[in-house]
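Because only heavy atoms are used, hydrogens play no part in the values below, and waters and symmetry mates are left out as well, while side chains stay in. All of these numbers come straight from a predicted model, not from anything done at the bench.
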Amino acid sequence: MNITAIRHQLRQGQSESLKRRRKIALLSALGILDFIPISLYQLGIIRHMPDLPGKIFDSDKANGSKDAYIMGVPDGPISLVLYGLNIVLASAGGSAKSGRHPIFDVLLGGVILGSVVGGISYMYNMIFKQQKACIYCITGALLNFSMLRPLIPEVRKSLKQIFR
């Protein structure tokens, strides 16, 4: 492993693959910013989450619901960890020039697909069970969905490399 080459590729590389992974990392960083207030609310540090006007919006109800505490763990901090993991996997190994292994893209795909499925499930729950919306949760789901566009070519390319 050549750390100098990895560092150079991450900072200076211009491959299409690296550009797509940078988009994923940027969207993940925005997800972290979005889920910080949710996590602080779920931990009792913030007592009320500001909402958009309208009766449909109630972020306190959505983020304080039983469904928001997966097996006793608040889903906000879980999302923070997953967004951080996206950034780690998007940057691991630099680029193909510096020896990035295709398994990192497959793992990144697994984390993002899991987040997308979780987002769909939570959106369904908000709409049909709680009948209240959380603008922070909607933003997070949209960020997760938007990661699919740069992700798909990366996973497709990496699977071809692994199984050739």
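The side-chain heavy atoms of I112 and L82, taken from C-beta on, include no pair separated by under 4.5 Å. Residues H48 and D60 meet the side-chain proximity criterion, which asks for heavy atoms closer than 4.5 Å. The side-chain heavy atoms of S91 and R21, taken from C-beta on, include no pair separated by under 4.5 Å. Residues I32 and I87 are in side-chain contact: their nearest non-hydrogen atoms beyond the backbone lie under 4.5 Å apart. Two residues are said to be in side-chain contact when any heavy atoms from C-beta on lie closer than 4.5 Å; C137 and I38 meet this criterion. A heavy-atom distance below 4.5 Å is found between the side chains of C134 and N63. Proximity of I103 to S158: side-chain heavy atoms (C-beta onward) are nowhere separated by under 4.5 Å. Using a 4.5 Å cut-off on side-chain heavy atoms (C-beta onward), Y122 and Q130 make contact.
Partners of M71 by side-chain contact (heavy atoms from CB on, under 4.5 Å), not counting sequence neighbours: none found. In this structure K55 satisfies the side-chain contact (heavy atoms from CB on, under 4.5 Å) test with no other residue, sequence neighbours excluded. With sequence neighbours left out, the salt bridge (Lys or Arg N to Asp or Glu O under 4.0 Å) criterion links K157 to D105, E154.
To the nearest 0.5 angstrom, L26 atom CG is 11.5 Å from R22 atom CZ. One finds the CG atom of L80 at 12.5 Å from the CG atom of L85 (value rounded to the nearest 0.5 Å). Here the OG atom belonging to S15 is positioned 9.5 Å from the CZ atom belonging to R100, to the nearest 0.5 angstrom. The CE atom of M147 sits 13.5 Å away from the NZ atom of K23 when rounded to the nearest 0.5 Å. Rounding to the nearest 0.5 Å gives a distance of 9.5 Å between CZ of R7 and CG of N2. Interatomic distance, OG of S28 versus CG of L30, reported as 8.5 Å (0.5 Å rounding).
M126 pairs in a side chain to side chain contact (heavy atoms under 4.5 Å, CB included) with only one of the listed residues (D67, D58, I138, I56), which is I138.
Relative ring orientation between F128 and Y124 is described as tilted, the plane-to-plane angle lying within the 30° to 60° band.
Here the closest non-hydrogen pair linking I135 and S59 is N-OG, 3.7 Å. The nearest pair of heavy atoms linking P150 to I24 is CG-CG1, 3.7 Å. Residues F35 and G76 come closest through the heavy atom pair CD2-CA, 3.9 Å. Residue I6 comes nearest to G93 through the heavy atom pair CG1-O, 3.6 Å, listed as atom of the first residue, atom of the second, then distance.
Listed by first and then second residue, the side-chain hydrogen bond (donor to acceptor under 3.5 Å, both in side chains) pairs that reach into residues 31-46 are Q42-D75, sequence neighbours excluded. Residues in residues 143-164 take part in no ring pair (Phe, Tyr, Trp, His ring centres under 6.0 Å) pair, two or more places apart or across chains. Counting only residues at least two apart or in different chains, side-chain hydrogen bond (donor to acceptor under 3.5 Å, both in side chains) contacts with residues 134-145 comprise Y83-N144.
The cluster map of Ile, Leu, Val, Met, Phe, Trp and Tyr, joined by side-chain heavy atoms under 4.5 Å apart, puts L108 and L148 in the same cluster. Linking Ile, Leu, Val, Met, Phe, Trp and Tyr whenever their side-chain heavy atoms come within less than 4.5 Å puts I162 and L113 in one cluster. V88 and L33 fall into different hydrophobic clusters, where Ile, Leu, Val, Met, Phe, Trp and Tyr are joined by side-chain heavy atoms under 4.5 Å apart, directly or via other members. No continuous path of hydrophobic side-chain contacts links V117 to V155 [ILVMFWY only; heavy atoms under 4.5 Å]. Clustering ILVMFWY residues whenever any of their side-chain heavy atoms sit less than 4.5 angstrom apart, transitively, puts L107 in the very cluster that holds L159.
Environment of NZ in K19: crowded, with over 12 heavy atoms of neighbouring residues, nucleotides or ligands closer than 6.0 Å.
Defined by atom type and a distance below 3.5 Å, a donor-acceptor pair is present between the side-chain atoms of S95 and Q9.
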